[in-house]
Protein chains: 2
Amino acid sequence: MNSTTRNKMIAGAADLMSRRGVNATSMRDVVRYTATPRGSIGHHFPDGKPQLIAEAVMFAGKQVSIPLEKALNELGAIAGLKAFVASWRRRLVTTTFEAGCPVLAVAVDHYVGEPSDKAEALDAAAQDHLLDLANGVFADWQKIMLAALRREGLPAPRAKRLATLVVASIEGTVALCRAARSALPLDQVDQELELILSDALSQTTK
Amino acid sequence: MNSTTRNKMIAGAADLMSRRGVNATSMRDVVRYTATPRGSIGHHFPDGKPQLIAEAVMFAGKQVSIPLEKALNELGAIAGLKAFVASWRRRLVTTTFEAGCPVLAVAVDHYVGEPSDKAEALDAAAQDHLLDLANGVFADWQKIMLAALRREGLPAPRAKRLATLVVASIEGTVALCRAARSALPLDQVDQELELILSDALSQTTK
DNA sequence: AGTGAAGTATGACAAGTGTCATATAAATCC
DNA sequence: GGATTTATATGACACTTGTCATACTTCACT
């Protein structure tokens, strides 16, 4: 199984989806963008576009969760989060605020299926599956953040809420930065999150 | 000028965009959804789909900013924000987490223009204009939140950062809720935001 | 009554969409 | 080395998209 073509397609799809959204990314765009053979797309993704989107979401999930976990492990919750935000910042700046998060794209820009006859019935199921995947990725990120906070002594209920806040606010802030073509929102949120987390952690050791 | 047709189209476009995204919302969808005459769309929106999207963004902007400002004025920053979040929660629940924010949709799901010959040049400008509008709406919401916080004595730099955090985290959380088909993330973030704001405000009166 | 504008209806256009059937090329295995 | 799976190529399909030209209706105003 030649997987480099397949992997290039998945990575390219994730990238394009993060920039323009799900429906603005056609399969022909993906093969153009990645210089992969168009004839292979049906071969590597027999279930068609929904499958490609699904794999792109899972790919993007790992692409974030692995460095996130590493940063939190090596630097602790606060410094690790700052490093993670910094990597988002770099991505925004180097793409002139064109690239975003493909998982958010799936949550917001729902895939509208084939024009064919089967219609509504399958589309709803396919869309639900994609939402499940996106939700799984978000949950994964939250779990990683949660573990880091708990490791520093924060009680579970508070840590869970803060993990949700961190993931949600970063997702939202990245979107704000793209709209503003500026990293200012991310810098502001970064500062506030640091304050909030260090406040919360300082209360536990008292 | 018969504006009820026009207004129905704008409101319907905003609603559909908030549920499925920009590119998944076709003009034919809008006239189907709003039971408005298809022949009129070119009449009311001579600049075509970009114009309809633009008006939908501004419409959605006011639809949020007006009740937000009212709630903050009447109830103060903390209780007002809680009331505002509660209204978001209602919208999510009553639409079984299908509806979201059309402004976020514009920021994430970029409009891909007509298939015609003019191509790239105009598209980039049109997309930039839409991003400007979305950014203006986000900035408006932040300004309203900022004013409420300053009214309670918070110094400007901190208030600005917190206003950004509030807008970004609510946008992100609504997306999380849609992916999870659950209001839990919003409830968690609501609780944390309350804690954060009351902490920040209590430090000013000391 | 009549005139002109505002609104509505309908169909055609060029182009793009995902998918599929078929055909060729490459690589793997006995 | 031949056979069989894997991969790539190409073109056709049924359909949707935004836009436009053209017609018909409605309505206000003089």
Side-chain angles (χ1 to χ4, degrees), chain A residues 1-10 12-13 16-17 20-56 109-123 125-127 130, chain B residues 1-10 12-13 16-17 20-56 109-123 125-127 130:
Chain A
M1 166 152 71
N2 174 8
S3 62
T4 106
T5 293
R6 204 180 123 95
N7 290 340
K8 277 209 293 186
M9 287 176 172
I10 294 173
L16 284 179
M17 282 162 48
R20 339 208 264 218
V22 173
N23 286 293
T25 300
S26 75
M27 318 216 67
R28 284 160 163 97
D29 282 341
V30 172
V31 308
R32 256 191 297 271
Y33 189 62
T34 58
T36 46
R38 169 173 159 243
S40 303
I41 197 143
H43 186 71
H44 292 297
F45 307 95
D47 290 345
K49 193 174 181 183
Q51 184 183 3
L52 177 57
I53 300 171
E55 306 239 26
D109 181 17
H110 289 195
Y111 172 57
V112 21
E114 41 195 327
S116 186
D117 35 7
K118 357 189 172 175
E120 311 278 324
L122 253 188
D123 277 6
Q127 179 56 39
L130 288 179
Chain B
M1 166 152 74
N2 174 9
S3 64
T4 105
T5 293
R6 206 181 121 94
N7 290 340
K8 277 209 293 186
M9 286 176 172
I10 294 173
L16 284 179
M17 282 162 49
R20 339 208 264 218
V22 173
N23 286 293
T25 301
S26 75
M27 319 216 67
R28 285 161 163 97
D29 283 340
V30 172
V31 308
R32 256 191 297 270
Y33 188 61
T34 58
T36 46
R38 168 171 163 244
S40 301
I41 197 142
H43 186 73
H44 292 297
F45 306 94
D47 290 346
K49 193 175 181 183
Q51 184 182 3
L52 177 57
I53 300 172
E55 307 239 26
D109 181 19
H110 290 193
Y111 172 58
V112 22
E114 43 195 325
S116 188
D117 37 5
K118 0 191 171 174
E120 312 278 323
L122 253 187
D123 278 5
Q127 179 55 38
L130 289 178

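Throughout, a chain's letter reflects where its sequence line sits, starting with A, and its residues are numbered from 1.
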> Mind checking what makes side-chain contact (heavy atoms from CB on, under 4.5 Å) contact with A:Tyr33, not counting sequence neighbours?
Replying inline: A:Asp15, A:Leu16, A:Arg19

> Listed by chain and number, what are the side-chain contact (heavy atoms from CB on, under 4.5 Å) partners of A:Thr36, not counting sequence neighbours?
Replying inline: A:Thr5, A:Lys8, A:Met9, A:Val31, A:Thr34

>> Between P on D:dT19 and CD1 on B:Ile41, what's the gap in Å once rounded to a whole number?
In response: 9 Å

Close N or O pairs between protein and nucleotides 9-11 of chain C (under 3.5 Å):
residue, atom, partner, partner atom, Å
C:dG11, O6, B:Arg38, NH2, 2.6

> Minimum heavy-atom separation for B:Glu55 to B:Ile10, with atom names?
Replying inline: O-CG2, 3.7 Å

>> Please enumerate all residues that pass side chain to side chain donor-acceptor pair (under 3.5 Å) together with B:Asp29, with sequence neighbours excluded.
In response: B:Arg20, B:Ser26, B:Arg32

> Which is true for A:Gly42 with a 4.0 Å heavy-atom rule: it touches a base, it touches only sugar-phosphate, or it touches nothing?
Replying inline: nothing

> Are any of B:His43's side-chain N or O atoms less than 4.0 Å away from OP1 or OP2 of C:dG7?
Replying inline: yes

> Taking for each residue the nucleotide of DNA chain C with the nearest heavy atom, is it A:Ser26 or A:Pro46 whose nucleotide lies nearer the 5' end?
Replying inline: A:Ser26

>> Run the side-chain contact (heavy atoms from CB on, under 4.5 Å) test against B:Ala54 and tell me which residues pass, sequence neighbours left out.
In response: B:Leu130, B:Leu133

Side-chain polar contacts of residues 45-52 of chain B - donor-acceptor pairs under 3.5 angstrom, sequence neighbours left out - could you list them?
residue, atom, partner, partner atom, Å
B:Lys49, NZ, B:Thr25, O, 2.9
B:Gln51, OE1, B:Asp47, N, 2.9

> From the list D:dT8, C:dG18, C:dT8, which nucleotide is the closest neighbour of the side chain of A:Tyr111?
Replying inline: C:dG18

